[in-house]
Every structure is written in C-alpha cells, then in structure tokens.
*Asks:* 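My structure is below; once you've seen it, I'll send some questions.
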Amino acid sequence: VITELRENIDGVGAGGGDSSRSETSQTQQQLTTMYAYAPDEDRAFLGAGAVGEVFRMKHKEDAVLRAVKIVSMRKARQFGVQEDMLRAEARTMLRLNHQNIVRYFTSFAHGTDSGPGGLSFCLVMELVDGGSIHTRLEEARRPGGAPIPLAQVVSWLAQLGAGLHHMHDECRFIHRDIKPQNILLSADGATVKIADLGMACADATTMLHSKAGTTVFMSPEKAAELKYGPADDMWGVGCILVELVKLERRLAIFAPGGLYASVDKVMLLVREVQDAAPALGPYAQGLLEFDPALRLRAAQLRDVEREQQ
C-alpha cells in the first residue's frame with residue numbers, strides 16, 4: 001500500500017494525465033496567498049499523478065522558484081495513508097541536505113475535509129528543471145541522437161556516489177527506487193539530483209524485507225525477498241550505468257525473466273560495458289555484484305571521477 005501510494009505521489013511532476021486538476025483547483029487558489037505561479041498559471045503546471053499535481057511557484061516574500069507538490073488527502077486515504085504518515089515522511093526528507101539530492105524545504109496541510117477542494121498536503125521542494133537521466137537517454141536513443149560523453153557519465157556516477165553516501169552513511173536512509181527517472185538534472189545537465197524519496201525511503205540501520213521499488217532495477221536480494229540494505233540502491237546505480245554506456249534498453253529486455261534471476265545475464269551486461277568503456281568496466285562489475293556484502297559502496301563510487309583523471 002505504502003509503495004503504491006509512493007509511486008502515485010512521486011509520479012506527480014513526471015507528466016502524464018490531469019485527473020486531479022479540477023479537485024485541487026480551489027486548493028491552488030488558497031495557496032496563492034503564499035505562492036505565485038511562475039511565470040503564470042497556464043505555464044506553471046509541471047505534471048499530475050493519481051493523487052495530486054506539481055507546479056512551478058515562487059514564494060511571495062523571497063521570490064525564489066520552488067516546485068510545490070499538492071497531494072489530495074481524499075485520494076491518499078484510498079491507499080490507507082493519513083496526514084500524520086505524510087508528515088512523518090516529510091520530516092525524514094527534511095533531514096537530507098546535499099547538493100546531489102533534491103532539497104525539501106517545508107510541508108503543510110491546506111484546506112479542510114469539509115471545505116471546497118478538500119484537504120491537501122503540500123510539499124515545497126527545490127525546483128530542478130533540466131529533465132532526468134531518463135529523458136537524456138531517450139534523446140540519445142533517437143535517430144541522430146548524440147551518445148552521452150564518457151566524461152559526463154563518470155561525473156554523474158561520482159555525484160550519485162556522493163549523494164547516496166550522504167543518504168546511507170550520514171543520514172542512515174535507503175532510497176529503494178534508484179532508476180533513471182528518479183535522477184534529475186540541472187538546467188545545464190552537469191549536476192544530478194536524486195529525487196522522489198517519498199514513501200519508499202527507509203531507515204538504513206535496519207535490514208528490510210518489503211519489495212518497494214521498480215522490478216527492472218530490483219537487486220537480487222530484494223527480488224528474492226531476502227533482507228536488504230543500502231547495497232540495494234547501489235545495484236540500481238549499476239543498472240543506470242549499463243543504460244548510460246549502452247543506450248539500449250538492455251534491462252527492459254531482461255525484465256520479463258528478471259535481470260536478477262541469472263548471473264550469466266548480469267555478466268553479459270558487465271562485459272558489454274567493459275567492451276564499450278573499459279575504464280568503467282570495474283565499476284559495472286562492482287555495482288552489479290550479486291553478493292551485497294561485496295557490492296561497491298557509495299563512498300567508493302564518489303571517487304570514480306578522481307580515479308579517472
């Protein structure tokens with residue numbers, strides 16, 4: 001239930017559908033007492049998910065652009081999630097403060113259950129408007145698309161390592177759904193930001209069992225419903241590395257049988273990365289190590305850029 005809600009909440013801002021726009025319109029009117037649409041209401045809308053929407057807005061006091069996510073509590077409750085649970089998740093996200101993680105600034109409830117528009121839970125976040133690694137991959141895959149430079153791949157990997165080190169080792173959290181769609185890019189494409197922490201983000205000090213996350217990027221231990229920890233996120237980074245180097249949807253090809261189901265399939269991907277980008281071969285092998293105890297750690301990955309110089 002939590003995972004399903006998290007996917008719906010985090011879908012907001014990724015585009016696709018406007019099922020909740022009419023329900024939140026009155027909440028938006030109330031929000032404009034504190035925030036203004038940027039640049040205007042028609043062009044501020046960034047996307048919608050099953051339980052809410054996200055808008056580009058600026059606070060009327062400091063004029064700084066933010067992304068404001070509005071979650072319909074009526075729809076959230078259909079998934080068994082109450083306002084106090086969302087507040088607890090927001091407090092968790094507020095603890096994360098790193099240049100490679102989307103920053104959460106504040107959250108608040110708006111409206112009432114009986115009032116026009118109903119009760120909404122609002123999250124104010126850093127605005128990251130350069131697309132995602134997923135959109136960059138889609139551009140590269142188009143006819144005539146340019147491959148992603150190796151130096152850029154190395155830089156992104158180092159930044160992912162730095163952000164995940166902060167999350168795993170300094171804040172003791174696990175993301176649990178690392179994939180290209182959840183890695184946002186700055187406007188110039190140089191900086192990556194780990195996004196959509198949401199309902200899947202969990203305590204890294206305890207070993208988990210639930211299968212939160214996306215099947216194609218799921219680690220072997222999670223897929224087998226064994227205990228897992230921060231190494232689950234590192235497997236996801238390994239999957240991203242394969243796509244960045246190969247550009248092909250190799251993971252999607254293997255997904256029906258489960259990438260995690262075959263050591264041979266994983267070793268084939270590692271060899272393909274080694275052939276295409278020899279300098280990144282050891283990282284692909286370390287990130288896609290079946291034994292989570294031997295898998296590359298975030299602190300090791302953040303040094304990849306320095307080691308390639």
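We're numbering straight along the sequence, starting at 1.
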*Asks:* Excluding sequence neighbours, so at least two apart, what forms salt bridge (charged side-chain N to carboxylate O under 4.0 Å, His left out) with D303?
*Replies:* R306

*Asks:* Apply side-chain contact (heavy atoms from CB on, under 4.5 Å) to residues R77 and L119 and explain how you reach the verdict.
*Replies:* CA-CA 11 Å; R77 288 170 184 145; L119 178 65; 3.5 Å; yes

*Asks:* Assign the ring pair H59 / Y35 to parallel, tilted or perpendicular, where the plane angle (0 to 90°) is split at 30° and 60°.
*Replies:*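 Because their plane-to-plane angle is over 60°, the rings of H59 and Y35 count as perpendicular.
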
*Asks:* Do L164 and L301 touch side chain to side chain, with heavy atoms closer than 4.5 Å?
*Replies:*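 No, every pair of side-chain atoms sits at 4.5 Å or beyond.
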
*Asks:* Check step by step if side-chain contact (heavy atoms from CB on, under 4.5 Å) holds for E221 and K227.
*Replies:* CA-CA 7 Å; E221 58 271 21; K227 291 181 179 181; over 6 Å; no

*Asks:* So, using side chain to side chain donor-acceptor pair (under 3.5 Å) as the criterion, who are the partners of R297 when residues are at least two apart?
*Replies:* D169

*Asks:* Residues two or more places apart in sequence or in another chain: which of them pass ring pair (Phe, Tyr, Trp, His ring centres under 6.0 Å) with H98?
*Replies:* H166

*Asks:* If you round to the nearest 0.5 Å, how far is OG of S219 from CE of M234?
*Replies:* 12.0 Å

*Asks:* Scan the side chains in residues 142-157 for donor-acceptor partners under 3.5 Å anywhere in the protein, sequence neighbours excluded, and list what turns up.
*Replies:*
residue : atom : partner : partner atom : Å
S155    : OG   : Q159    : NE2          : 3.0
W156    : NE1  : G189    : O            : 3.1

*Asks:* Begin with the C-alpha distance, continue with both residues' side-chain angles, and end with the deciding distance and a verdict on side-chain contact (heavy atoms from CB on, under 4.5 Å) for R56 and L65.
*Replies:* CA-CA 7 Å; R56 182 191 298 109; L65 290 174; 4.3 Å; yes

*Asks:* If you look only at distance, which donor and acceptor atoms sit under 3.5 Å apart when one is on a side chain in residues 277-293 and the other is two or more places apart or in another chain?
*Replies:*
residue : atom : partner : partner atom : Å
Y283    : OH   : E307    : OE1          : 2.1
E289    : OE2  : D291    : N            : 3.1
D291    : OD1  : A293    : N            : 3.0

*Asks:* May I have the step-by-step check of side-chain contact (heavy atoms from CB on, under 4.5 Å) for E53 and F45, ending in yes or no?
*Replies:* CA-CA 8 Å; E53 304 173 313; F45 177 70; 3.9 Å; yes

*Asks:* Let's go through R136 and E243 carefully: what are the C-alpha distance in whole Å and the side-chain angles of both, what is the deciding distance for salt bridge (charged side-chain N to carboxylate O under 4.0 Å, His left out) to 0.1 Å, and is it a yes or a no?
*Replies:* CA-CA 11 Å; R136 181 66 183 86; E243 293 212 15; over 6 Å; no

*Asks:* Whether R66 engages the ring of F105 as a cation-pi pair (distance to the six-membered ring centre under 6.0 angstrom, angle to the ring normal within 45°) should be assessed.
*Replies:*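 Checked: cation-pi criterion met.
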
*Asks:* State which residues pass salt bridge (charged side-chain N to carboxylate O under 4.0 Å, His left out) with D40; sequence neighbours excluded, sorted by chain then number.
*Replies:*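 D40 satisfies salt bridge (charged side-chain N to carboxylate O under 4.0 Å, His left out) with R43 once adjacent residues are dropped.
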
*Asks:* What I'd like to find out is whether the side chain of K265 reaches to under 4.5 Å of the side chain of L269, using heavy atoms alone.
*Replies:*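 Not in contact.
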
*Asks:* If only atom types and distance count, is the side chain of R103 paired as donor or acceptor with the main-chain N or O of L96 below 3.5 Å?
*Replies:* yes

*Asks:* Tell me whether N100 contacts the main-chain N or O of L160 through its side chain, where contact means a donor paired with an acceptor under 3.5 Å.
*Replies:* no

*Asks:* With distance as the sole test, does K246 use its side chain to make a donor-acceptor pair with the main-chain N or O of A276 at under 3.5 Å?
*Replies:*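 No; zero donor-acceptor contacts below 3.5 Å.
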
*Asks:* Any heavy-atom pair between the side chains of M167 and I174 that's under 4.5 Å?
*Replies:*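 In short, these two side chains do not touch, never coming nearer than 4.5 Å.
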
*Asks:* For the pair H175 (side chain) and P230 (backbone), establish whether a donor and an acceptor sit closer than 3.5 Å, ignoring hydrogens and angles.
*Replies:* no

*Asks:* Ignoring hydrogens and angles, tell me if any N or O in the side chain of D129 forms a donor-acceptor pair with the backbone of S186 under 3.5 Å.
*Replies:* no

*Asks:* Taking side chain as C-beta onward, heavy atoms only, is L244 less than 4.5 Å from I240?
*Replies:* yes

*Asks:* Looking at F217, I'd like to know if the NZ or CZ of K179 sits under 6.0 Å from its six-membered ring centre while staying within 45 degrees of the ring's axis.
*Replies:* no

*Asks:* With a 4.5 Å cut-off on side-chain heavy-atom distances among I, L, V, M, F, W and Y, is there a chain of contacts connecting V64 to M34?
*Replies:* no

